[in-house]
2 protein chains.
Amino acid sequence: MTGDARLSWQAVQEIVRQRIRQRIWKPGDQIPHEADLAQELGCARATVNRALRGLADAGLLERRRKAGTRVALNPIRRAEFSIPLIREEIENRGERFDFRILTREMRPPPPDIQARLQIGEDAPILYLQTLYMANHMPYVFETRWVNTRAVPAAQEARFDTMSPNEWLVREVAFDGGDFALSAISASTQEAFILGCSAGAGLLALDRTTRNGRQMITSVRLVFHAGYRLHTRA
Amino acid sequence: MTGDARLSWQAVQEIVRQRIRQRIWKPGDQIPHEADLAQELGCARATVNRALRGLADAGLLERRRKAGTRVALNPIRRAEFSIPLIREEIENRGERFDFRILTREMRPPPPDIQARLQIGEDAPILYLQTLYMANHMPYVFETRWVNTRAVPAAQEARFDTMSPNEWLVREVAFDGGDFALSAISASTQEAFILGCSAGAGLLALDRTTRNGRQMITSVRLVFHAGYRLHTRA
DNA sequence: GAGTGGTCTAGACCACGTT
DNA sequence: ACGTGGTCTAGACCACTCT
């Protein structure tokens, strides 16, 4: 008995996943229309739609109007990473969170930052270097450029009890952003600050944050040696 | 005239985004119920639901039954990266894709691979080292362990015209997987293979792939120096 | 032109978590 | 207990895109 209760969209998803897994529907195959599936499974088309849309979002299916729905040839091409909130990440492990502002000055933006923040070379930009620590050990080294046209109050901010990131989060409404991950070899300065040997491979996360169409801030986080970023859940 | 056509869920999303951006609804604030919003905006609750659910998925809102919907205190904690299909990535840039199998043998799995693939130490495991090239230059160095209990045919596969990854994608239905990103310092072997200096910082992507509850394969990709992984669109 | 997914609606009931 | 989001339904119309 598989039961005949009406199906939830999750149940429909699971059925479809199984058929793909068991190769009843093979990569590249077209699968039945929403209407047919709904009838076969005994639920509303909207339910099937919700299920299939989810699988398409996950990259398992490819859907196009008129052309129908096909099993993706190459699934798993997307991965969602949780971008850590440094303080949370550290405190959740029961370690002591701490930070130190190393540099704080107004500075003309270099060309790459001008491009990222979409500003001119004479725009007033706040430059910050911050070291975040877990149990007093270096954890992440942050280099940040803040567009003070977008956030004038940043020029007055003290950043003594609240880290630059936390301050910005409270002050302005973020809306979106772009990320890039890369590996770098530790410069002498980075090695000194993070307490690793010069040339060590370090994970670098670049992030630019937007509020509507206005660029707020551009950051590079350089993590301590050995740091790993995982897909969530 | 803003018009009085009925709203799409995207339009509702944009309205909510604006209210958050303009701080009409501040981080931590509770926003109106779906029903109220639907009435205010003149659309069905399902439409509001779809819009708000999307924003919650994106991390901009936090929703809980009974407690209602709140503006997230810290948005943008998730980022979706497109995991490259090596061949596509290279050919899309108009470069020549190529690969070479460097090692191919049955080998007892080391403890970390045993754990990842959830197998015993005597399980039959295929070990593969492959170098992928763009325009004959080293691009990615892949180290792969294949659970031949799950994919017996892998023992016979030639991998002469089809890379191990492409072969596996055709042969078994993937269903999910876990990813981790880290930075490593190039070992002598890796430096030799990838044509960089020993100790250079390189981006490493570890991936374990599942079919239902059965673990199929575990891979480490080590990218050439300077490689960057971006959020998609 | 016609077929398929995309979306909206109005109403209903359910499930969870707060109170 | 009760309020809020979560989901399902049946039906309708729209929008894209393939032929």
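Order of the sequence lines sets the chain letters (A, B, ...), proteins ahead of strands, with each chain counted from 1.
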Which nucleotide in the list dT9(C), dT7(C), dT18(C) gets nearest to the side chain of Thr47(B)? dT9(C)

Would you indicate which nucleotide in dT9(D), dG5(D), dT7(D) comes nearest to any side-chain atom of Thr69(B)? dG5(D)

Return yes if a side-chain donor-acceptor contact under 3.5 Å exists between Tyr139(A) and Glu89(A), otherwise no. yes

List the atom of Ile90(A), the atom of Met133(A), and the distance in Å for their closest heavy-atom pair. CD1-O, 3.6 Å

So, Thr130(A) and Arg144(A): side-chain donor and acceptor under 3.5 Å apart, yes or no? no

Ignoring hydrogens and angles, answer whether the base of dG6(C) and the side-chain atoms of Arg64(A) contain a donor-acceptor pair closer than 3.5 Å. no

Between P on dT9(C) and CG on Asn49(B), what's the gap in Å once rounded to a whole number? 12 Å

Which nucleotide wins on minimum distance to the side chain of Arg53(B), given the candidates dC8(C), dT18(C), dT7(D)? dT7(D)

Taking every heavy atom of Ala123(A) against every heavy atom of Arg149(A), the minimum-distance pair comes out as CB-NH1, 3.9 Å

Position toward the 5' end of DNA chain D (nearest nucleotide), Ala35(B) or Gly42(A): Ala35(B)

Please classify the nucleic acid contact of Gln10(A) as base, sugar-phosphate, or nothing, using heavy-atom distances under 4.0 Å. sugar-phosphate

Atom-pair distance (CG on Asp57(A); P on dG5(C)), nearest Å: 15 Å

What nucleotide among dT7(C), dA10(C), dG5(D) has an atom nearest to a side-chain atom of Glu34(B)? dG5(D)

Need one value for Arg50(A): base, sugar-phosphate or nothing, where a base atom within 4.0 Å counts as base even if backbone is also close, heavy atoms only. sugar-phosphate

Regarding dT7(C), can its base be found pairing with the side chain of Arg45(A) as donor and acceptor, where the two atoms are less than 3.5 Å apart? yes

Side chain of Lys66(B) - closest among dT9(D), dT4(D), dA12(C): dT4(D)

